[in-house]
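Small disclaimer: the values here were computed from a predicted structure and weren't measured. Lettering of chains follows the sequences in order, A, B, ..., and the numbering in each one begins at 1.
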Amino acid sequence: MPESDTTPTLDFIREIVADDLKAGKHAVVVTRFPPEPNGYLHIGHAKSICLNFGIAAQFGGRCHLRYDDTNPTKEEMEYIESIERDVRWLGFDWGAHLYFASDYFEQMYAWAELLVTKGKAYVCDCTPDEVRARRGTLTEAGRPGAHRDRPAAESLDLFRRMRAGEFPDGSRVVRARIDMASGNVNMRDPVIYRILHAAHPHVGDAWCVYPMYDYAHPLEDAIERITHSICTLEFEDHRPFYDWVIDECEIAEPHPRQIEFARLNLTNTVMSKRKLLQLVQERLVRGWDDPRMPTISGLRRRGVPPAAIRDFADRIGVAKRDSTVDVQLLEHCVREELNARAPRRMAVLRPVRLVIDNYPEGEHEKFEVVNNPEDPAAGTRQVEFGQTLWIEQDDVRETPPPKYWRLFPGNEVRLRSAYLVRCTGVVKDASGAIVEVHATYDPASSGGNAPDGRKVKSTIHWVAADHAVEAEVRLYDHLFPAADPGAVPEGTDWKTGINPASEEVLSGCRLEAALAGVGVGERCQFERVGYFVVDPDSTAGRPVFNRIVTLKDTWARIEKKQG
RNA sequence: UGGGGCGUCGGCAAACUGGUAAGCCACGGGACUUUGGAUCCCGCAAUUGCAGGUUCGAGCCCUGCCGCCCCAGCCA
C-alpha cells in the first residue's frame, strides 16, 4: 500500500458527492435528514444525522431537517420537539432549513392531478383486500383492476371529491399507473394517495387525503432541491418509483439522486422501534431516556458526550454491507473523549472505614490534587484528609489472592495524593465481613511519596469521613448480555434476554466534598472506577450519579481468569 | 422457482479503479505509571465465500456455484 497517501479515503457516498461536484452537476450539495415524527431518535438515526450533516459541512453545502409527516395517524407534536432537541444536542444546525412535508401538500396534490390528467395515475375504488389480492405475489404478476382504465376525467373528478371529503376512509385511493406485472412489487400501481379523516399535528384538519411516502418523498426532495437523498438499504427497491415520480412530475434538472446505505446495528442492543416501545411501555426501563436505551435521549442521560457519538459515526464508516458494530467501539469513543475532558474526583461506592491509628485524632489537613493528569490546564483542587477515611471494600482483603496489591495486613499502599499507609489489621462482623480497617501512616510521605524512595505497587482512592457527601450511584451495564439479543430460541420472548443486573442502584456512596454542588449533566471520572454523570433525579443535598462507562480494568481481567 | 442488494481478519472497514491485502475496535504479550487509568511498543488475513478462466500480474475482469439481507401496508 502507498504510505504517502495522506488524504483520507472517502466512503462510497462521499465519493459520489465529490464526483458530482467535480463534474459540475450541482453548484452546492444539499442533503436532508427526514425523520417521521412518530418516535424517538436512536443511535441508528445518529449515524444518518452525522452522515447527512457531515457531508453538507464537508462539501460546503447545507443539510435540511425535514419532518416526513405524511401519516397523521402516527405522528405527534411530542416527537417533533424531541427530534429537534436531539439533533441540536448532537451538535448539528439546520439554520433556517426546517421543513415539514405537510407544508408541501398543496403542491403534491397539484402534481397528483397532473399525473391523473396525463393518464399516469387513476382513482381505484377497490378495498384494501382487493388491492392486495390483485397485487400478485413475489413470483406471480399482479392483475389490473377494473378501475385502471377509467377515463382521466372521471378519475380527476373522483380525486377532487376525495379531497372534498365526500368519501369515507379506505373507500378509494389514487394509484400510479405503471406495470402490474413488474418483478418489482413496488411498481405494481402503487398507491399514492389515501383518504384519512384525521387531524394532522402540523397542518390540523386542512386535509383528508394524504400522500404516501413513496410518492411524497421524491417530491419533498425535489421541492427543496436536494442533491443527494440518502436513505437505508430497504428503500433500494423503491428507487425506480422515486425516479418515476420525479420524471413524470416533470421536475427540472438536476434531479435528486437517492443513495442507499446500510443501517447501523449494534451488539448487545435492540434498535427496532417496536422493541424499544415495548421496553418503555412494559416498564422494563425507566423510560425513553433510560440510560440503558440506545435512544439519543437515553445516551444523553447516560452521560455519553455528543462528540463521542460523532467520533463513533466517523469510525464505523458507511457502506452497503449489512453489519453489526461492536458496542465496545462506542464505549471506546466515550472513554477517549472523557479521558481528555472529564475532571477527576474521588468517590467511594461501597465504603468501608479506614482508621489511621497513628494520625492525630481530630486533626485535618488539605492536599492539593490534580484535576486531570491528561490536561494540566484543568488545574488542581484542595481535598480534605483526616484520621478516618472511607475506602472501597474492594480495595481490602484479609488474605490477598495472587497478584492482589491493595490493602491487606502488612501491605503498604498509597492513598492517592496523600500518604503511604500500611495495613495493621481488619475488624470483621459476625458474618466475617470486613467492617473496619486499621493502618498506620508514614508522616514523611506527605503527598504520596516517601523520602527514601521506596515504591508501593498500588494507589487507592479515599474520602475523608468528616467531609464526605452522600450520594446515590447507578451502575449501568448492557441491557442485553448477548451480542445478538434478537437471536433467541423459537418460541422464546426476546425480553427474557434482558440483563436483570443492567442497573444496580447503590446508596450510601461517599464522595469528596468538591462534588457537593454539581449540576445535572456534569460529567467526571471517579478515579479508578469509571466515568459518571449527574442524573436529573438528583435533589439538593443528594446527588444521583449514573455510570457512563467503567475504566478499563486490568485487575478485573486477572480476577476473571483466576475464576 | 420473481425482483433488488451484499460476501475482505473475531467485529467494523480500506485498497489511488489490474500492480502484489491500510487503519480502528476486540483479543494476547511487554514497557512505563502517584488511577491495575492514560500512554507507548510487539503480535494478530501466505490471502479476500467456493471453483474454474483471462492476464506477466486478479480482492478488483469473465463464467458457474454457494451463502446472507430486503420486498407482496391505504406504514415510513
Taking the side chain as C-beta and beyond, is there a heavy-atom pair between A/Arg406 and A/Arg397 under 4.5 Å?
-> no
Quick one: the side chain of A/Asp237 and the base of B/G3, do they pair up donor-acceptor inside 3.5 Å?
-> yes
Distances under 3.5 Å between nitrogen or oxygen atoms of protein and nucleotides 6-9 of chain B:
from, atom 1, to, atom 2, distance (Å)
B/U8, OP2, A/Arg321, NE, 3.2
B/U8, OP2, A/Arg321, NH1, 2.0

At under 4.0 Å between heavy atoms, what does A/Ile460 touch on the DNA or RNA strands: base, sugar-phosphate, or nothing?
-> nothing
State whether A/His332 places a side-chain N or O below 4.0 Å from either non-bridging phosphate oxygen (OP1 or OP2) of B/C25.
-> yes
Would you mind classifying the nucleic acid contact of A/Phe235 as base, sugar-phosphate or nothing, using non-hydrogen atoms under 4.0 angstrom?
-> base
Atom CG of A/Asp129 to atom C1' of B/C74: distance rounded to whole Å?
-> 11 Å
Syn/anti state for B/G73 [syn: chi within 90° of 0] = syn
Please state whether the phosphate of B/G2, meaning OP1 or OP2, lies under 4.0 angstrom from any side-chain nitrogen or oxygen of A/Ser182.
-> no
A/His202 and A/His200 aromatic ring geometry - parallel, tilted or perpendicular at 30°/60° bounds = perpendicular
What does A/Ser323 touch in the nucleic acid at a heavy-atom separation under 4.0 angstrom: a base, only the sugar-phosphate, or nothing?
-> sugar-phosphate
Could one point to a donor on the side chain of A/Arg335 or the base of B/G37 with an acceptor on the other under 3.5 Å away?
-> no
If one requires at least 3 consecutive Watson-Crick or G-U pairs with distances under 3.5 Å, the stems of RNA chain B turn out to be B:2-7 with B:66-71, B:10-12 with B:23-25, B:27-31 with B:39-43, B:49-53 with B:61-65
A/Ile316 near the nucleic acid: base, sugar-phosphate alone, or nothing, with a heavy-atom cut-off under 4.0 Å?
-> sugar-phosphate
Among B/A15, B/C24, B/C74, which nucleotide sits nearest the side chain of A/Leu329?
-> B/C24
Is any side-chain N or O of A/Arg239 closer than 4.0 Å to OP1 or OP2 of B/C71?
-> no
Take atom CG of A/Leu51 and atom C1' of B/A13, then tell me their distance rounded to the nearest Å.
-> 15 Å
Given atom CD of A/Glu140 and atom P of B/A72, what is their separation to the nearest angstrom?
-> 16 Å
Could you tell me whether A/Thr70 contacts a base, only the sugar-phosphate backbone, or nothing, with contacts defined as non-hydrogen atoms closer than 4.0 Å?
-> sugar-phosphate
Does the base of B/U35 carry an N or O that pairs as donor and acceptor with the side chain of A/Gln525 under 3.5 Å?
-> yes
Remember a base hit wins even if backbone is also touched, and classify A/Gln328 as base, sugar-phosphate or nothing at under 4.0 Å, heavy atoms.
-> sugar-phosphate
Result for 5'-nearest mapping on RNA chain B, choosing between A/Ala556 and A/Lys273, is A/Ala556
Kindly say if A/Arg557 contacts the phosphate of B/G36, meaning a side-chain N or O under 4.0 Å from OP1 or OP2.
-> no
Are there more than 12 heavy atoms of other residues, nucleotides or ligands under 6.0 Å from atom CG of A/Asp205?
-> no
Determine the contact category for A/Cys124: base if any of its heavy atoms lies under 4.0 Å from a base atom, sugar-phosphate if only primed atoms, P, OP1 or OP2 are that close, otherwise nothing.
-> nothing
Contact class for A/Thr127 vs. all strands (heavy atom < 4.0 Å): base, sugar-phosphate, or nothing?
-> base
Consider the side chain of A/Thr9, meaning its heavy atoms from C-beta on, and name the nucleotide among B/A76, B/A15, B/A13 that approaches it most closely.
-> B/A15
Looking across every strand, which nucleic acid part, if any, lies under 4.0 Å from A/Thr139 by heavy atom: base, sugar-phosphate, or nothing?
-> base
Taken to the nearest whole Å, CD/A/Gln258 to P/B/G4 is 16 Å
Indicate, with a heavy-atom threshold strictly under 4.0 Å, whether A/Val191 touches base, sugar-phosphate, or nothing.
-> sugar-phosphate
Can a cation-pi geometry be assigned to A/Arg172 and A/Phe167, taking NZ or CZ under 6.0 Å from the six-membered ring centre and within 45° of the ring axis?
-> yes
Counting side-chain heavy atoms from C-beta on, which of B/G5, B/G37, B/G36 comes nearest to A/Lys552?
-> B/G37
Round to the nearest Å and state the distance from A/Leu41 atom CG to B/A76 atom P.
-> 17 Å
Taking the side chain as C-beta and beyond, is there a heavy-atom pair between A/Phe312 and A/Ile43 under 4.5 Å?
-> yes
Taking C-beta and beyond as the side chain, do A/Arg344 and A/Asn371 meet within less than 4.5 Å on heavy atoms?
-> no
Given A/Tyr193, which of A/Tyr122, A/Tyr210, A/Phe159 fulfils the ring-ring contact (aromatic ring centres under 6.0 Å, His included) condition?
-> A/Phe159
Is the shortest side-chain N/O distance from A/Lys403 to OP1 or OP2 of B/G36 below 4.0 Å?
-> no
Compare side-chain N and O positions of A/Arg315 against OP1 and OP2 of B/A14 and report whether any pair is under 4.0 Å apart.
-> no
Contact class for A/Met212 (heavy atom, under 4.0 Å): base, sugar-phosphate, or nothing?
-> sugar-phosphate
Ranking B/C74, B/C70, B/A38 by distance to the side chain of A/Pro128, first place goes to B/C74
Contact class for A/Arg416 (heavy atom, under 4.0 Å): base, sugar-phosphate, or nothing?
-> base
Choose from B/U17, B/G36, B/G37 the nucleotide whose nearest atom is closest to any side-chain atom of A/Pro373.
-> B/G37
Among B/G73, B/A76, B/A13, find the nucleotide with the atom closest to the side chain of A/Ala319.
-> B/A13
Answer yes or no: does a side-chain N or O of A/Lys561 lie under 4.0 Å from OP1 or OP2 of B/G29?
-> yes
Map A/Tyr531 and A/Asn186 onto RNA chain B by nearest heavy atom, then report which one ends up closer to the 5' terminus.
-> A/Tyr531
Taking only side-chain nitrogens and oxygens of A/Arg188, does any of them come within less than 4.0 Å of OP1 or OP2 of B/G2?
-> no
Give the nucleotide from the list B/C12, B/A72, B/G37 with an atom nearest to the side chain of A/Val185.
-> B/A72
Starting at CD1 of A/Ile195 and ending at P of B/C75, how long is that distance when rounded to a whole Å?
-> 12 Å
Distance test, side-chain N/O of A/Arg132 to OP1/OP2 of B/C74, below 4.0 Å | no
Within-4.5 Å side-chain heavy-atom neighbours: A/Pro35 and A/Tyr79 = no
Check the distance between B/C12's P and A/Glu331's CD and give it to me in whole angstrom.
-> 16 Å
Mind checking whether A/Glu527 and A/Gln525 have side chains closer than 4.5 Å, heavy atoms only?
-> yes
Centroid-centroid under 6.0 Å between A/Tyr213 and A/Phe235 rings | yes
So, do A/Asp484 and A/Thr324 sit near enough that their side-chain heavy atoms are less than 4.5 Å apart?
-> no
Which heavy atom in A/Val131 sits nearest to a heavy atom in A/Cys126, and how many Å separate them?
-> CG2-CB, 3.7 Å
Apply side chain to side chain contact (heavy atoms under 4.5 Å, CB included) to A/Arg315 and list each qualifying residue two or more places apart in sequence or on a separate chain.
-> A/Asp311, A/Leu329, A/His332, A/Cys333, A/Glu336
Distance, rounded to the nearest Å, where A/Lys457 contributes NZ and B/G36 contributes C1' = 10 Å
Reckon A/His217 touches a base, only the sugar-phosphate, or nothing at all at heavy-atom distances under 4.0 Å?
-> nothing
Name the nucleic acid region contacted by A/Thr459, choosing base, sugar-phosphate or nothing; use a 4.0 angstrom heavy-atom cut-off, strictly under.
-> sugar-phosphate
Looking at side-chain heavy atoms only, is the closest gap between A/Trp462 and A/Phe385 below 4.5 Å?
-> yes
